[in-house]
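Structure record follows, encoded as structure tokens.
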Amino acid sequence: MNVANTLESSRHTRIATRIPKAPFFSICTEVTNREKTIYRTIESIARQTHRNFEYIIVNNQSDDRSDEVIRQALSELPFHDVVVHYHTT
């Protein structure tokens, strides 16, 4: 339900539309030494037609080039209106 559509006052509508919409679902990818496949994985997520989601990537102490490949993918691929969280442990 869109909160802005349910409110009658224009003052309240402006306030309600500034509240960010919560993601409908989350996708989480855990990565450990997957430099050869992680770009394709991230690319697949970026091409989703549904846009109301968050994408969480956790790099779990990779000692290969996974971190570099992840950062490259996130800078090159179209994640418009998608919340992306990248964590390294």
Side-chain angles (χ1 to χ4, degrees):
M1 176 187 294
N2 186 342
V3 175
N5 290 339
T6 61
L7 299 174
E8 295 178 20
S9 165
S10 63
R11 177 176 163 265
H12 288 123
T13 302
R14 282 194 305 273
I15 292 170
T17 56
R18 286 188 297 213
I19 299 170
K21 189 175 180 181
F24 185 66
F25 62 93
S26 301
I27 300 172
C28 184
T29 301
E30 187 275 330
V31 180
T32 305
N33 297 331
R34 295 288 179 236
E35 69 177 278
K36 295 183 191 284
T37 59
I38 190 61
Y39 192 97
R40 285 184 301 157
T41 301
I42 297 171
E43 183 178 38
S44 174
I45 302 300
R47 293 179 190 262
Q48 298 301 309
T49 56
H50 188 80
R51 305 313 298 166
N52 185 21
F53 68 93
E54 67 178 346
Y55 184 35
I56 303 164
I57 304 170
V58 179
N59 185 355
N60 191 14
Q61 300 179 354
S62 294
D63 56 9
D64 64 354
R65 293 182 50 247
S66 293
D67 180 67
E68 181 182 330
V69 174
I70 292 167
R71 292 178 188 280
Q72 177 186 357
L74 293 178
S75 69
E76 292 176 358
L77 296 171
F79 278 101
H80 306 294
D81 302 323
V82 175
V83 177
V84 177
H85 305 280
Y86 176 49
H87 305 279
T88 57
T89 57

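What you see below is based on every heavy atom in this structure, not just the backbone, and it leaves out hydrogens, waters and symmetry mates. In what follows, residues are counted from 1 in the order of the sequence shown.
- Taking CD of Gln72 as the reference point, atom CD of Glu35 lies at 11.5 Å (rounded to 0.5 Å).
- The main-chain N or O of Asn33 is never found under 3.5 Å from a side-chain atom of Asp63 such that the two would form a donor-acceptor pair.
- Shown here is Arg40, whose CZ atom has no more than 12 heavy atoms of other residues, nucleotides or ligands within 6.0 Å.
- Pairing each heavy atom of Arg51 with each of Gln48, the nearest pair is NH1-O, 2.6 Å.
- The heavy-atom pair separating Ala46 from Phe79 by the smallest distance is CB-CZ, 3.6 Å.
- Atom CZ of Phe25 sits in a crowded spot, with more than 12 heavy atoms from other residues, nucleotides or ligands closer than 6.0 Å.
- Taking 4.5 Å as the limit, every side-chain heavy atom of Asn59 sits out of range of all side-chain heavy atoms of Ile38.
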For this session: Test Leu74 against Ile57 for side-chain contact (heavy atoms from CB on, under 4.5 Å), laying out the working first.
Result: CA-CA 10 Å; Leu74 293 178; Ile57 304 170; 4.0 Å; yes
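- Looking only at side-chain heavy atoms (C-beta outward), Ile42 and Thr29 stay at 4.5 Å or farther from each other.
- A donor-acceptor pair under 3.5 Å links the side-chain atoms of Ser66 to the main chain of Arg34, judged by distance alone.
- Under the 3.5 Å distance criterion, the side-chain polar atoms of Thr32 are left unmatched by any main-chain donor or acceptor of Ser62.
- Here Asp67 pairs with Arg71 under the salt bridge (charged side-chain N to carboxylate O under 4.0 Å, His left out) rule; sequence neighbours left out.
- In this structure, Cys28 SG and Tyr55 OH are separated by 8.5 Å, a value rounded to the nearest 0.5 Å.
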